[in-house]
Protein chains: 2
Amino acid sequence: METNPRQAKVTMQDVANHVGVSRTTVSFVLNGETGNGIPQETRDRVHRAVTELGYRPNAGARALASKQTKLYGLITEIVIAPYAANIVRGAEEQAAREGKTLLIASTDGSIDSDRRAIETMLEHRVEGLIYATSWHRGVRLPALTDEVPTVLVHCFDEAAKLHSVIPDEAQGGYAATMRLIGAGHDRIGFINLDPVIPAAIGRRSGYIRALEQAGIGLDEKLVINEDGEADQGYRAAAALLDGARPPTAIFCATDRMAMGAYDAIKERGFRIGDDISVVGFDNQEIIANYLRPSLTTVALPFRQMGATGVALLAKLAANRDLAPLQHIVECPLVERTSVRLPVPAS
Amino acid sequence: METNPRQAKVTMQDVANHVGVSRTTVSFVLNGETGNGIPQETRDRVHRAVTELGYRPNAGARALASKQTKLYGLITEIVIAPYAANIVRGAEEQAAREGKTLLIASTDGSIDSDRRAIETMLEHRVEGLIYATSWHRGVRLPALTDEVPTVLVHCFDEAAKLHSVIPDEAQGGYAATMRLIGAGHDRIGFINLDPVIPAAIGRRSGYIRALEQAGIGLDEKLVINEDGEADQGYRAAAALLDGARPPTAIFCATDRMAMGAYDAIKERGFRIGDDISVVGFDNQEIIANYLRPSLTTVALPFRQMGATGVALLAKLAANRDLAPLQHIVECPLVERTSVRLPVPAS
DNA sequence: GCGCGTTACTAACGCGCGTTAGTGGATGTG
DNA sequence: CACATCCACTAACGCGCGTTAGTAACGCGC
């Protein structure tokens, strides 16, 4: 359809001339809600001229005149932990639904980098800002952000002034543990993260709540804190299995640690999902799917969080004085094959 | 510093009033190359007013007046294969160096999605367009793209009209194979991808060239084509190891297949990097780093390709009639611990 | 013939900024 | 003292568009 060779920037005026009406009329046809008294025939002629000339509205000019850019800014560390990319996906989908465009920038997380990114966004007059991190933690943003509605995703404001969307770590830990209990386990090892970070705190509380609910006493010897990497999972699992009363199931707070745990379990001649059950956390497809056997794990709801963040922005724009809230999103259990079926009754 | 409570959009005129000069003067100070006859004292007063009022130039208005947006568009399937996110990083870094901002959009790869993304970019009057894919292949873009300089990254134009930046698969395959030969291996299994895709073709030709150069005959029984997933790597490795004259080293065309191969090797009681060497391809950190032992592999130079793509855009803008070229970027070998040291001499 | 309501448009302003063509005063030159 | 330079600025235009206020033509009832 478009027959516009190169760079000949067609303007609205060109369209108007081509049709033989005024620019205003063209503008009405293109944006108007059929409200203005323009007959269908004129509308058609305008539309025909638009495709014929390859006219494309100039977003900048339009923003200038209408005083709204329909732009949301998304700043993220995606580049460091690419697996959080689904935040971007969810955000884009929701933005598209609302007729907005996403302006994406990445940051390395440093204050300078954050500031530069935010500055760029503000120069482009975004109508809202989303700041997303690759791991759940507290952040403190440059004060620039009070110029525009802002939502934090997968992190929260240490000053508690900004809205945030975070995963329900406790419910995730609970779901993982319950899955193991449901399969008949009552000695469940837990390889957790550094106990001071939000993910570790939440997952642990879920673990404990599940045990309590099932009437199983908490045995601190079954809980080991590590930093999330595979070899630490290996070490911790080895320690658990070689201990006095080894567990029959292990809940790992990251899929990477589960990956290491797999090796320790296999080395000792146990079969995973049979002799010993494993549940991970994060649902890093690339690991969980391809581990042998595939890993039952808890997903961080990135896509959903991204979408929720954008949706929240719209609400904030409508009501800027909404008190800062923490929006909590459920972490679903993703069933694969590393947990044995319920025992038939012993 | 900024003391701008909320949404009070400060314009250049406000700054001018505050200083007691005309808006033109402010504009000169802010953009001028010290060329105009404005004394340092006035400049200082303007700058002071700028920070005092929290003035921030309006990118849209500036673009409208200056007729350049300083915007590059980047369209990618990042969301599907997040590990290619380094393309974004490289592109952003290069864009920053050139004083440009990246407008990023993701696509699901469908024509419709591509078209929408490109359309959005063009409405924002990007000065160049980068289209990046998560796996090396031929693509065909909507014809819209001749309105603006366009570069393909990690893919190439089936119509051969567009510039592209692609990895040197053959050199990567050669490097991997040479590494194994250098460690003393002369029976080297090769688990390749679907033989019709560019990655498979290139890596195979590199494999063969290395063998030839070392005077090792090609044994087609040692080459197996699979689809890249872990369990296929497992199956293929098992077949190789259980064959009549098993290899002592395996070159896997993806790290995921190497992951599966690890299991097959371990199951048979071999020690990786000792009895049997393995080299992967892709350098998916999350796998290569955490596999036990860590995986020596060939990296796809995403970051570099992203940067090269942006740099190319600048050249294209200066000279639109550059004949379409394929820019080939080297794939470096990333040394880890899955290849044994050279044998001391038998 | 007059007043009035529709219908189908258009003139003109302003969004925030870059930029060109000046302007008015101070300084130097013969 | 007339004249040319500089110096330090400013008025005014236009970028592409949304939008408000208006206009001109027509039909209709009385």
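Here the structure is a predicted model, which means the values were calculated and not measured. Throughout, protein chains are lettered first and strands after them, A, B, ... in sequence-line order, and every chain is numbered starting at 1.
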Calculate the interatomic distance between [X] atom [atom1] and [N] atom [atom2]; express it in whole Å.
{"X": "Gln40(B)", "N": "dA8(D)", "atom1": "CD", "atom2": "C1'", "value": "14 Å"}
{"X": "Gln68(A)", "N": "dG18(D)", "atom1": "CD", "atom2": "C1'", "value": "10 Å"}
{"X": "Met12(B)", "N": "dA12(D)", "atom1": "CE", "atom2": "C1'", "value": "15 Å"}
{"X": "Asn58(A)", "N": "dG16(D)", "atom1": "CG", "atom2": "C1'", "value": "6 Å"}
{"X": "Leu64(A)", "N": "dT19(D)", "atom1": "CG", "atom2": "P", "value": "13 Å"}
{"X": "Phe28(B)", "N": "dA12(D)", "atom1": "CZ", "atom2": "P", "value": "16 Å"}
{"X": "Arg45(B)", "N": "dC9(D)", "atom1": "CZ", "atom2": "C1'", "value": "12 Å"}
{"X": "Arg43(A)", "N": "dT7(C)", "atom1": "CZ", "atom2": "C1'", "value": "13 Å"}

With respect to the phosphate group of [N], does any side-chain polar atom (N or O) of [X] fall under 4.0 Å of OP1 or OP2?
{"X": "Asn31(B)", "N": "dG18(C)", "value": "yes"}
{"X": "Thr25(A)", "N": "dC9(C)", "value": "no"}
{"X": "Thr24(B)", "N": "dT10(D)", "value": "no"}
{"X": "Arg62(A)", "N": "dC17(D)", "value": "no"}

Next item on the list: Identify all stems in which DNA chain D takes part, counting only runs of at least 3 consecutive pairs (Watson-Crick or G-U wobble, each distance under 3.5 Å), and give each as one range with another, ordered by first number.
Entry: C:1-30 with D:1-30
[X] with [Y]: basic N within carboxylate O range, under 4.0 Å:
{"X": "Glu123(A)", "Y": "Arg62(B)", "result": "no"}
{"X": "Arg56(A)", "Y": "Glu119(B)", "result": "yes"}
{"X": "Lys70(B)", "Y": "Glu98(B)", "result": "no"}

Candidate nucleotides [options], ranked by approach to the side chain of [X] - the nearest:
{"X": "Pro57(B)", "options": "dC17(C), dC9(D), dT19(D)", "value": "dC17(C)"}
{"X": "Arg23(B)", "options": "dC17(D), dG18(C), dC9(D)", "value": "dG18(C)"}
{"X": "Thr42(A)", "options": "dC9(C), dG14(D), dG16(D)", "value": "dC9(C)"}
{"X": "Ser22(A)", "options": "dC9(D), dG16(C), dT10(C)", "value": "dT10(C)"}

Go through the side-chain N and O atoms of [X] and [Y] and say whether any donor and acceptor fall under 3.5 Å apart.
{"X": "Asp108(A)", "Y": "Ser110(A)", "value": "yes"}
{"X": "Gln40(B)", "Y": "Arg43(B)", "value": "no"}
{"X": "Thr107(A)", "Y": "Glu77(A)", "value": "no"}

Check: What does Ser66(A) touch in the nucleic acid at a heavy-atom separation under 4.0 angstrom: a base, only the sugar-phosphate, or nothing?
Finding: sugar-phosphate
Check: Thr11(B) near the nucleic acid: base, sugar-phosphate alone, or nothing, with a heavy-atom cut-off under 4.0 Å?
Finding: sugar-phosphate
Margin query: Tell me the closest heavy-atom pair linking Ile104(A) and Met121(A), and the distance in Å.
Written below: C-CE, 4.1 Å
Item checked: Shortest non-hydrogen contact between Arg125(B) and Thr69(B), atoms and distance -> O-OG1, 2.7 Å
Notebook entry, point to check: If you pin Lys67(B) and Gly20(B) to their nearest nucleotides in DNA chain D, which one's is more 5'?
Noted result: Gly20(B)
